[in-house]
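Notes follow the structure.
None of these values were measured; they are calculated from a predicted model.
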Amino acid sequence: MVRTMTESGRIPQFGYKDEVDMNKLVELRSLLKTRLSEGGVAFSYMPVLIKAVSLALVHHPVLNSTVDPDCTTITYRADHNVGVAMDTPLGLIVPNVKRVQEKSVYEIAVELNRLQSLGAAGQLPPVDTADGTFSLSNIGAIGGTYANPMLLPPSVAIGAFGRVKVVPRFDSEGDLERGHVMHVSWAADHRVIDGAEVARFSNRWKNYVENPASMILDMK
C-alpha cells in the first residue's frame, strides 16, 4: 500500500464531485432487501452502484483502461473488474468483483457478501485482489459526505461514495418533500483522461442510479 500510494501521489489527478438523487434507489432497495435477506444475501446500494459503473464504462471505456508507469502505453481492458475498498483487520484491502459486465445485480450482491465475509476474517486470497480495473470506496458506510479518492495504479479512475442523507427538497410543483441524496467523488489520471470525459461518464452513471429501471434497457 505504501508503494501504491507513493506512486499514486506522483500522478496528476483530476477530481470531479456531484450530488445524486437516491430516492428511486432507496425505494428499490426497500422492495428487494427483504426478499434477498430470506436467501441469506445482505443487499446494500453497492451492487446497483457497481452495475451502474459497468454500464457507464461500456460507453466510456478509457476509464476502464490501465497505463504503464511511463504513461506511454494505454491498455483498454475488456473485463470490468470493479474493486471495492474494505476496512479489514489487516488494513485497507481492495478485492474486486470480476467480470461485472456479465453479472446481474443479484450476482454482484452475492459476490460482495463473499468478499466482505473473507475480508472481515482476514482470509482474502490474492486472486480476489488481483487484476482490478476500476475501484470504488464506500466511505459513507463509516461517515462523511465527500472524499478525495486516490488512484490505484495502473488503473486510471476511482470513485468514492458518501453517506445517503435525508434532506429537504422541492418537487416539480414547488412543494417541500423529503429527499435522499448521496455525493460522489471521482478521480482520474489526467494524463490519460480529460475532465470532460469524466463528467460525461459521471452523468451517465448518475442517470442509471437516479433511474434504476433504465438499467434494464442496457443490460445484456
Side-chain angles (χ1 to χ4, degrees), residues 14-36 41-64 80 82-85 97 100-109 112 134-149 157-188 193-220:
F14 176 84
Y16 184 86
K17 296 176 172 62
D18 203 356
E19 180 180 278
V20 184
D21 181 344
M22 295 286 285
N23 285 339
K24 292 181 180 179
L25 186 52
V26 168
E27 182 179 356
L28 176 65
R29 182 186 178 227
S30 67
L31 293 173
L32 299 178
K33 183 178 179 180
T34 301
R35 179 179 175 183
L36 291 180
V41 179
F43 186 65
S44 64
Y45 301 115
M46 188 58 76
V48 179
L49 301 179
I50 290 173
K51 188 62 181 182
V53 162
S54 178
L55 292 174
L57 288 175
V58 172
H59 299 275
H60 306 277
V62 68
L63 275 81
N64 195 56
H80 301 165
V82 180
V84 179
V97 180
V100 172
Q101 77 277 8
E102 298 177 357
K103 286 182 168 61
S104 67
V105 171
Y106 172 76
E107 290 171 329
I108 295 170
L112 273 180
F134 193 103
S135 298
L136 297 171
S137 176
N138 184 20
I139 195 65
I142 300 174
T145 304
Y146 294 101
N148 288 315
I158 188 172
F161 306 132
R163 63 187 179 91
V164 178
K165 301 187 297 182
V166 179
V167 296
R169 283 290 186 267
F170 291 99
D171 63 18
S172 59
E173 297 181 356
D175 296 323
L176 194 64
E177 63 178 5
R178 287 165 54 92
H180 295 82
V181 170
M182 182 186 75
H183 294 91
V184 60
S185 305
W186 306 105
I193 305 171
D194 293 333
E197 184 70 4
V198 178
R200 285 190 286 265
F201 164 82
S202 181
N203 288 340
R204 190 178 297 272
W205 172 85
K206 178 180 175 179
N207 182 66
Y208 285 130
V209 175
E210 292 186 339
N211 303 281
S214 67
M215 295 172 64
I216 297 175
L217 298 176
D218 290 339
M219 287 184 183
K220 295 182 180 179

Practice item. Kindly give the heavy-atom pair with the smallest separation between I193 and V198, and that separation in Å. Key: CG2-CG2, 3.6 Å
**Study point:** Distance in Å, L57 CG paired with F201 CZ, rounded so as to fall on 0.5 Å steps
**Key:** 4.5 Å
**Study point:** Heavy-atom donor-acceptor pair, S185 side chain to A147 backbone, under 3.5 Å
**Key:** yes
Check your understanding: What are the two closest heavy atoms between L63 and A157, and how far apart are they?
Key -> O-CB, 3.7 Å
**Study point:** Test log, rule side-chain contact (heavy atoms from CB on, under 4.5 Å), inputs F170 and D175
**Key:** CA-CA 5 Å; F170 291 99; D175 296 323; over 6 Å; no
Check your understanding: Quick one: NZ on K17 to CG on N148, what's the gap to the nearest 0.5 Å?
Key -> 4.0 Å
Check your understanding: Mind checking whether V84 and I50 have side chains closer than 4.5 Å, heavy atoms only?
Key -> yes
Review point. Is there side-chain contact between R169 and D21, with at least one heavy-atom pair below 4.5 Å?
Key: no
Check your understanding: Are N64 and H80 close enough that some pair of their side-chain heavy atoms sits under 4.5 Å apart?
Key -> yes
Point to revise | Heavy-atom closest pair, residues P47 and V105 | key: CB-O, 3.7 Å
Review point. Do side-chain atoms of E107 reach the backbone of S104 as a donor and acceptor pair under 3.5 angstrom?
Key: yes
Study note, to complete from the structure: Value for CG (L25) from CD (E210), rounded to nearest 0.5 Å, stands at 10.5 Å
Exercise for review: Indicate yes or no: at least one non-hydrogen side-chain atom of Y208 is less than 4.5 angstrom from one of K51.
Suggested key: no
Check your understanding: At what distance, to the nearest 0.5 angstrom, does CG of N23 lie from CD of E177?
Key -> 6.5 Å
Exercise for review: Begin from the C-alpha positions of H183 and K165 and carry the test side-chain contact (heavy atoms from CB on, under 4.5 Å) through to its verdict.
Suggested key: CA-CA 9 Å; H183 294 91; K165 301 187 297 182; 4.0 Å; yes
Check your understanding: Would you call Y45 and V26 a side-chain contact if the rule is heavy atoms closer than 4.5 Å?
Key -> yes
Exercise for review: Quick one: list whatever passes side chain to side chain contact (heavy atoms under 4.5 Å, CB included) with V166, sequence neighbours left out.
Suggested key: R178, H180
Practice item. Mind checking the CG-CE spacing from N138 to M182? Nearest 0.5 Å is all I need. Key: 8.0 Å
Check your understanding: Can you name the one residue among Y16, F14, W205 that meets ring-ring contact (aromatic ring centres under 6.0 Å, His included) with W186?
Key -> W205
Check your understanding: Would V48 and F43 satisfy side-chain contact (heavy atoms from CB on, under 4.5 Å), going step by step from the backbone distance to the final call?
Key -> CA-CA 10 Å; V48 179; F43 186 65; 4.0 Å; yes
Point to revise | Euclidean distance, L217 CG relative to M219 CE, rounded to 0.5 Å | key: 10.0 Å
Check your understanding: Using a distance-only test with no angle check, is there a side-chain donor-acceptor pair under 3.5 angstrom linking N207 and N203?
Key -> no
Review point. What is the minimum heavy-atom distance between L55 and D218, and which atoms define it?
Key: CD2-O, 3.7 Å
Review point. Any side-chain heavy atom of V184 sitting closer than 4.5 Å to one from L49?
Key: no
Exercise for review: Answer yes or no: are there more than 12 heavy-atom neighbours, outside E27 itself, under 6.0 Å from its atom CD?
Suggested key: no
Practice item. Would you sort out whether Q101 and V58 count as a side-chain contact (heavy atoms from CB on, under 4.5 Å), showing the intermediate values? Key: CA-CA 9 Å; Q101 77 277 8; V58 172; 5.6 Å; no
Check your understanding: NZ of K24: more than 12 outside heavy atoms within 6.0 angstrom?
Key -> no
Point to revise | Neighbour count above 12 (heavy atom, 6.0 Å) for D171 CG | key: yes
